[in-house]
Novice: 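Just passing along the structure, written as structure tokens.
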Amino acid sequence: MDAQSYNAGLTELRTVRDKVKKVRAELARLEADRDKRIAHLATYAKAKAERIAPAAGLSVADVVAVAPTLAPDHLAGDDEPAAQPEDHALAPGATEPEPAEQPGATAPAIRTAHPQPELSVPPVADQVSPAPPRTLPAIPQGEAGDAWFAHTPALASTRPNFTQQARSTVFLDTTTGVLVHRQQTHHLDLGDATAADILTAVFHTIPEGVERIYITAGDPWHRDADRYPYLRDAVAAWLNAPIPGWRTDTGRGRDRMAGHFVHPRNPVGRYQRENSDQHVEIRSVGEWFDTDGDDPATIRDAFVLLWQALRRHWDDAVIMGSPSQTGRDLWTRTIPVRGQHADGFPVLSEELRGLLHATAGQGRNELITPPRVADELPRLVEYDRTFAYAKHTWKSPVGTPRRITAATFASWPEKEQIRALYGCGHWQVRVTVPDTWNHVGLLPAPAPGDRAWHYPASPGTTFTTWAGGPEIHTALTNPIQPWKIEILDGILWEDGKPLDDWAKKLKETWTNLSAQAQFHGDPQQARAAHLASRAVRSILLYGVGAFAQRPRMVTGTTPRSLERDVPPDAEIIGFDDELITWQKPTGFARDPHAHPEWAAAIWSGARAALLTQRHRDDDTYAGALYTPPGTVVAFRTDALYLTQLHNWPYHHQPGDYLLRGRLTGPVTAPTTEEELLTLRKAGRAALTAEREA
């Protein structure tokens, strides 16, 4: 490029800049006009957010944020599930609470109180959105609530009496067209990489057929993303495009899965050949692990190593379509054949499952911004807990749960109260932050908006919430100052080990593969072993999430001309000039493996582990509460972002805090998740470069 072309390019760039400014200004004007119209419609006595949302092209929560008077009576709440088809929950990390007092801890401040008809919320100063707060459900008083404490009749997790069948699988890079089938490599012409192009090319190359196609790179479902307002719309259009000779699969077999799974990044396409029993899935390998330019052959080798390693512990192990399916199938094969639980593990009543769904959040994700941290950070350090879930499946709730009312709890001696809070329980509590508190929040509270949680930390704040035993224990015995906890109601189970054998086998598998990744002489096989070890992590992580069993969602479309027919309890998830796409919950299925009490216990431990974790062998503690006030920048599921380095023990064991990134300052404090992720990437790259230097 010469100087003349350079100057001409600058002139053109300025023209584009001016157009962008005009478009942004027009967009801001239209959004302001839209919000003004929403507010005006809200003055109508019978106005409903559910009716206004599709007309505005917003979710119900967004409409409520503009017009709080339209808030529904109940806003369902939980963390947004991570990308995992078939299983709608996830969260890494959990920590084992310690019965011994921690350094600096004083006597616990346990209080009791009778349940109130209204749940209190933190002061406005602790809220992060103008929308009204979510009200968490409570257990009804008297016999109506007591009836919840039972199991669903004739529904229990039992050991399977059949052998899972493996499926013929290929690995396809849609960017290069490279296909790996067993030990053979092929190069395909995929055309535009539509689902029809992929199926045609694969079945032409492998005429005997395959049952599962893993996409290793290329994300073909994003090819037309710029044509749609939402990524989910582009994915749905790609999945649902007509394919001559094929139709959407309606499911089959014992692991029946029907229809496509529309997810913005890891969708699942399920197809059946017309007039035939031939079935095939198109899936993303991103369900299992993140790839970094790995070729299909390396990824194939990773799955082979994974299968071989699992077979050392399960002689009938089969790798299924997703980590969650695989994890749950392997767990069922550890259910005892004799002894206390030989008849299986009964499923809770639908009422208690619904309560846990609404009140047991997942991983802690919180960004702490100025003025709670400095505008300029001296550095940004990332610590990530290694294979965190695997450390904390040693104890889980079993048996028929008991209701522990405020009056019952108050009648117990202090020793029994502490033992109950240390056990497997889920508690409704009224929490008060100490007047002199100057550190991070300890307990989750329902935040304004849909599915949101936050962690009040302002001195003197009082709020009502639900929390598990590990978090309650941490709030009462933390090394800085005990919080005031008032017990309003509770659910208490017996302590058991339903996940212990399963988790131990997965931990041994992970350890074996991690060692191969570290010491194998062949770089490709070392990389494959590393990917396989990450897949084991996903099996346990998503396997635990599968127990949560979210209420099933139904997705549908309605013509724009008939938008009044959108179901009143539906959430608008996309729209174009012709159709409105929506989804709505349909309640809980009769899933024999639904155990949200297990997932909730681990999630509670995960959040507690980010605050305090004891290392017995080193006689020390790690976690956010062992950092100076004002140095915690963010929590992200099982990771901590700090402004100081800490000499915390790391022995390559599950749950240990691993230094993952370090960015030398001054660093401008992130104020959005996007900014945090950008800094995370830079910090990891900087630490890698430093170690390689």
Side-chain angles (χ1 to χ4, degrees), residues 89 97 112 115 137-159 328 331-332 334-360 393-412 416-429 466-470 472-473 487-502 544 546-551 587-605:
T112 60
I139 303 171
Q141 297 293 321
E143 294 182 359
D146 294 342
W148 290 17
F149 288 76
H151 291 114
T152 301
L155 192 63
S157 305
T158 56
R159 192 182 183 99
R328 191 158 65 175
W331 172 75
T332 62
T334 65
I335 296 175
V337 295
R338 60 179 64 88
Q340 182 181 2
H341 300 292
D343 292 334
F345 295 93
V347 173
L348 294 176
S349 69
E350 185 168 336
E351 291 82 3
L352 279 187
R353 281 181 280 152
L355 179 74
L356 287 166
H357 166 66
T359 62
T393 50
W394 62 281
K395 181 176 72 173
S396 301
V398 295
T400 303
R402 292 186 292 154
R403 181 178 189 177
I404 310 300
T405 65
T408 299
F409 190 87
S411 69
W412 289 349
E416 189 171 356
Q417 291 179 348
I418 293 174
R419 185 167 59 248
L421 293 177
Y422 178 64
C424 294
H426 191 58
W427 303 92
Q428 186 187 31
V429 291
W466 285 84
I472 300 293
H473 183 267
I487 301 298
L488 305 180
D489 213 338
I491 310 168
L492 188 62
W493 289 266
E494 300 172 16
D495 295 352
K497 295 182 175 292
L499 305 177
D500 195 43
D501 184 36
W502 173 70
V544 168
F547 292 122
Q549 195 224 18
R550 301 310 189 201
F588 294 97
R590 282 185 59 85
D591 182 353
H593 305 311
H595 293 285
E597 68 276 19
W598 298 347
I602 293 176
W603 292 339
S604 177

Novice: Taking atom CD of Gln428 and atom CG of Asp489, what is their separation to the nearest 0.5 Å?
Specialist: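 If we round to the nearest 0.5 Å, Gln428:CD and Asp489:CG are 5.5 Å apart.
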Novice: Mind checking side chain to side chain donor-acceptor pair (under 3.5 Å) for Thr408 and listing every partner two or more places apart, or none if nothing turns up?
Specialist: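 Scan of Thr408 (side chain to side chain donor-acceptor pair (under 3.5 Å), adjacent residues dropped) gives Thr405.
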Novice: Taking all heavy atoms of Ile335 and all of Arg159, pick out the closest pair and write down the distance.
Specialist: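 Nearest heavy atoms, Ile335 then Arg159: O-NH1, 2.7 Å.
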Novice: When you measure from the side chain of Trp466 to the backbone N and O of Pro137, does any donor-acceptor pair fall under 3.5 Å?
Specialist: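 Between the backbone of Pro137 and the side chain of Trp466 there is a qualifying donor-acceptor contact (under 3.5 Å).
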Novice: How long is the gap from CD on Gln417 to CD1 on Ile404, to the nearest 0.5 Å?
Specialist: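 Separation between the atoms: 11.0 Å.
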Novice: Cys424 versus Lys395: any side-chain heavy-atom pair under 4.5 Å?
Specialist: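 Answer yes - side chains close enough.
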Novice: Listed by chain and number, what are the side chain to side chain donor-acceptor pair (under 3.5 Å) partners of Thr152, not counting sequence neighbours?
Specialist: Arg353
Novice: What pair of heavy atoms forms the shortest contact from Leu421 to Ile487, and how long is it?
Specialist: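 Taking every non-hydrogen atom into account, CD2-CD1, 4.0 Å.
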Novice: Would you give the length of the straight line joining atom OH of Tyr422 to atom NE2 of His473, rounded to the nearest 0.5 angstrom?
Specialist: 7.0 Å
Novice: Please name all residues satisfying salt bridge (charged side-chain N to carboxylate O under 4.0 Å, His left out) with Asp501, sequence neighbours left out, ordered by chain then number.
Specialist: Lys505
Novice: Counting C-beta onward and ignoring hydrogens, is there a side-chain heavy-atom pair between Pro397 and Trp598 closer than 4.5 Å?
Specialist: yes
Novice: Excluding sequence neighbours, so at least two apart, what forms side chain to side chain donor-acceptor pair (under 3.5 Å) with Asp500?
Specialist: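 Applying side chain to side chain donor-acceptor pair (under 3.5 Å) to Asp500 gives Lys504.
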Novice: Between Val347 and Asp591, is the side-chain contact (heavy atoms from CB on, under 4.5 Å) condition met? List the steps.
Specialist: CA-CA 8 Å; Val347 173; Asp591 182 353; over 6 Å; no
Novice: Under the side chain to side chain donor-acceptor pair (under 3.5 Å) test, which residues partner His595, sequence neighbours left out?
Specialist: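 Ser157, Glu597.
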Novice: With salt bridge (charged side-chain N to carboxylate O under 4.0 Å, His left out) as the rule and sequence neighbours excluded, what pairs involving residues 142-156 come up?
Specialist: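 Sorted result for residues 142-156: Asp146-Arg403.
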Novice: Would you name the heavy atoms of Pro596 and Ala548 that are closest together and state the gap between them?
Specialist: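 Scanning both residues, the minimum pair turns out to be CB-O, 3.6 Å.
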Novice: Donor-acceptor pair, distance only, cut-off 3.5 Å: does the side chain of Arg402 make one with the backbone of Leu492?
Specialist: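 Flag not set: sc Arg402 to bb Leu492 has no pair under 3.5 Å.
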Novice: Tell me the closest heavy-atom pair linking Leu356 and Ala600, and the distance in Å.
Specialist: CD2-CB, 4.3 Å
Novice: Nearest 0.5 Å, please: how far is CH2 in Trp502 from CZ in Arg328?
Specialist: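 Going from the CZ atom of Arg328 to the CH2 atom of Trp502 covers 11.0 Å.
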Novice: Can you sort out the partners of His341 under ring-ring contact (aromatic ring centres under 6.0 Å, His included), two or more places apart, ordered by chain and number?
Specialist: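 Result, ring-ring contact (aromatic ring centres under 6.0 Å, His included) vs His341: Phe345.
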Novice: Give the minimum heavy-atom separation between Thr158 and Gly344, together with the two atoms involved.
Specialist: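 Of all heavy-atom pairs spanning Thr158 and Gly344, the closest is CG2-CA, 4.2 Å.
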Novice: Only counting residues at least two apart or in another chain, list the ones meeting side chain to side chain contact (heavy atoms under 4.5 Å, CB included) with Ser349.
Specialist: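 With sequence neighbours excluded, Ser349 shows a side chain to side chain contact (heavy atoms under 4.5 Å, CB included) to Trp148, Glu351, Leu352, given in chain and number order.
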Novice: Working to the nearest 0.5 Å, report the span between CG of Leu499 and CD1 of Ile602.
Specialist: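 Leu499 CG to Ile602 CD1: 5.5 Å, rounded to 0.5 Å.
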Novice: Which residues pass the ring-ring contact (aromatic ring centres under 6.0 Å, His included) test with Trp427, not counting sequence neighbours?
Specialist: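 Phe409.
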Novice: NE2 of His426 to CD1 of Ile491: how many Å apart, nearest 0.5 Å?
Specialist: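 One finds 6.0 Å between NE2 of His426 and CD1 of Ile491.
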Novice: Looking at every heavy atom in both Ala156 and Pro346, which two are closest together, and how far apart are they?
Specialist: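 In this case the closest contact between Ala156 and Pro346 is CB-CA, 3.7 Å.
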